[in-house]
There are 2 protein chains.
Amino acid sequence: MSPIGFEKHDHTHCIASALQVAETTCSEQGIQLTPARRRTFEILLQEHRAMGAYEVLEHLRASGHGSQPPVAYRALDFLVKHGFVHRIERLNAFIACAHPGERHAPCFLICRNCETVAEAPARPAADALSVSAADMGFKVERVAIEAEGLCPACVETAA
Amino acid sequence: MSPIGFEKHDHTHCIASALQVAETTCSEQGIQLTPARRRTFEILLQEHRAMGAYEVLEHLRASGHGSQPPVAYRALDFLVKHGFVHRIERLNAFIACAHPGERHAPCFLICRNCETVAEAPARPAADALSVSAADMGFKVERVAIEAEGLCPACVETAA
DNA sequence: GCTTGATATGTTATGCTGTAACAGAGTACA
DNA sequence: TGTACTCTGTTACAGCATAACATATCAAGC
């Protein structure tokens, strides 16, 4: 049981399902979900929270993969590039995508107290942004929207 | 002449004006714009671009201030906390606020080619976000919106 | 005056995050 | 068989950030 969004659930199912989607997507697009990349994705799916690259690396090492930073960074870069994993700029960390397969603009809600991260829809916000950017002549390719605050559980504790 | 937004201008005036606003704001709020903090703000205003903490530190050292990282980080933290400077998460860098004194949700347009950073209005996007966050029970305190893409000049060059 | 507390500056030392550059293994294909 | 490409692994290093401690300044209260 780990938090996703801010609700608890058993995510045994979503791990299997996300891996399935990733494999299908990769074979469709002719890209390779190699053992190292797949294992990296599994690690993030199992923990189901934002993890630093070095933390991921420890798990990779324990699984018999390389133990040097580039091993983790390359796998993470691949997963981010293809949308299976998101990078949380605010935390210099990575988290498995909560909506694999769907084309979406992600937005993250980061609790400053417990560091839990939830993924929320950002389509309206991202659209609003693209319009004003276009007015300035800027061509948007990627948008990162990250909100910091208190998650429901921590709001309650604080009160 | 340095780029602000994506247009060139002489910003001698805006340096003086921003410092003025900062001093007024600080004395109104009973907080101290000490020499080190003021100098840090000046450095960012003069360069008028996103700068890393260590780059700022070099300038501070040249001005006779401390030469160790905490000196720069403390001043930058102060300036960020009070809204005179923004932190660009994507670049691990800092930039002087383009609209000092105005209460605003900032949004940054970062050119992936020339690294120029422009500040755009993010009010609509931030508002849209707060609403969907509230639906999930999350209390937003701070929002970072950063778009990566190509600035007008680099779009033209690429074409 | 003198103490106390709050604030700010400076240092040393260290830890976390990320990448450049090179070597080798595996595969696809002409 | 050789060549090109991709992936994995390494060493070495660069860049970003903070903890912990020492010192200085200044205002409030005894």
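Each chain gets a letter, A, B and so on, in the order its sequence line appears, and its residues count up from 1.
- In this entry the distance linking CZ of A/R90 with C1' of C/dT17 reads 15 Å, nearest Å.
- An OP1 or OP2 oxygen of C/dT7 is reached within less than 4.0 angstrom by no side-chain nitrogen or oxygen of B/T34.
- Rounding to whole angstrom units, CE of residue A/M51 and C1' of C/dC16 are separated by 15 Å.
- We find that B/E58 and B/R61 are not joined by a salt bridge, their nearest charged nitrogen and carboxylate oxygen being 4.0 Å or further apart.
- Within 4.0 Å of B/R37, counting heavy atoms only, lie sugar-phosphate atoms of the nucleic acid but no base atom.
- What separates CG of B/L60 from C1' of C/dT11 is a distance of 15 Å, to the nearest Å.
- The shortest non-hydrogen separation linking B/P106 to B/E119 is CB-OE2, 3.9 Å.
- Boundaries of the chain A contact region on DNA chain D are D/dT6 to D/dT11, first to last in 5' to 3' order (nucleotide atom under 4.0 Å from a heavy atom).
- Heavy-atom distances to DNA chain C give each of B/P69 and A/A53 a nearest nucleotide, and the one nearer the 5′ end belongs to B/P69.
- A/N92 has no side-chain polar atom (N or O) that falls below the 4.0 Å cut-off from OP1 or OP2 of C/dC16.
- Going from atom CG of A/L91 over to atom P of C/dG18 covers 11 Å, rounded to whole Å.
- Of the two residues contacting DNA chain D, namely B/E55 and A/G66, the nearest-nucleotide position lying further toward the 5' end is that of A/G66.
- The nearest whole Å value for the distance from the CD atom in A/Q32 to the P atom in C/dG26 is 14 Å.
- One can place CD1 of B/I31 at 13 Å from C1' of C/dT7, the figure rounded to the nearest angstrom.
- In this structure, B/R87 reaches the sugar-phosphate backbone alone: every heavy-atom distance under 4.0 Å involves primed, P, OP1 or OP2 atoms, never a base.
- Between B/Y73 and B/F94, the ring planes lie perpendicular to each other; the angle is over 60°, past the 30° to 60° tilted range.
- Counting to the nearest Å, the C1' atom of C/dC16 and the CG atom of A/L76 are 15 Å from each other.
- Nearest heavy-atom pair across B/V140 and B/V143 is CG1-CG2, 3.4 Å.
- Between the CG atom of B/D77 and the P atom of C/dA8 there is a distance of 13 Å, rounded to whole Å.
- With DNA chain C read from its 5' end, the first of the two nearest nucleotides for B/Q68 and A/G52 is the one closest to B/Q68.
- Between A/R142 and A/E89 there is a salt bridge, since at least one side-chain N of the basic residue sits less than 4.0 Å from a carboxylate O of the acidic one.
- The side chain of A/Y54 contributes no N or O atom lying less than 4.0 Å from OP1 or OP2 of C/dC16.
- Nearest heavy-atom pair, B/V80 versus B/R87, reported as atom, atom and distance to 0.1 Å: CG2-N, 4.4 Å.
- When every heavy atom of A/E55 is checked against every heavy atom of A/H59, the shortest pair comes out as O-ND1, 3.1 Å.
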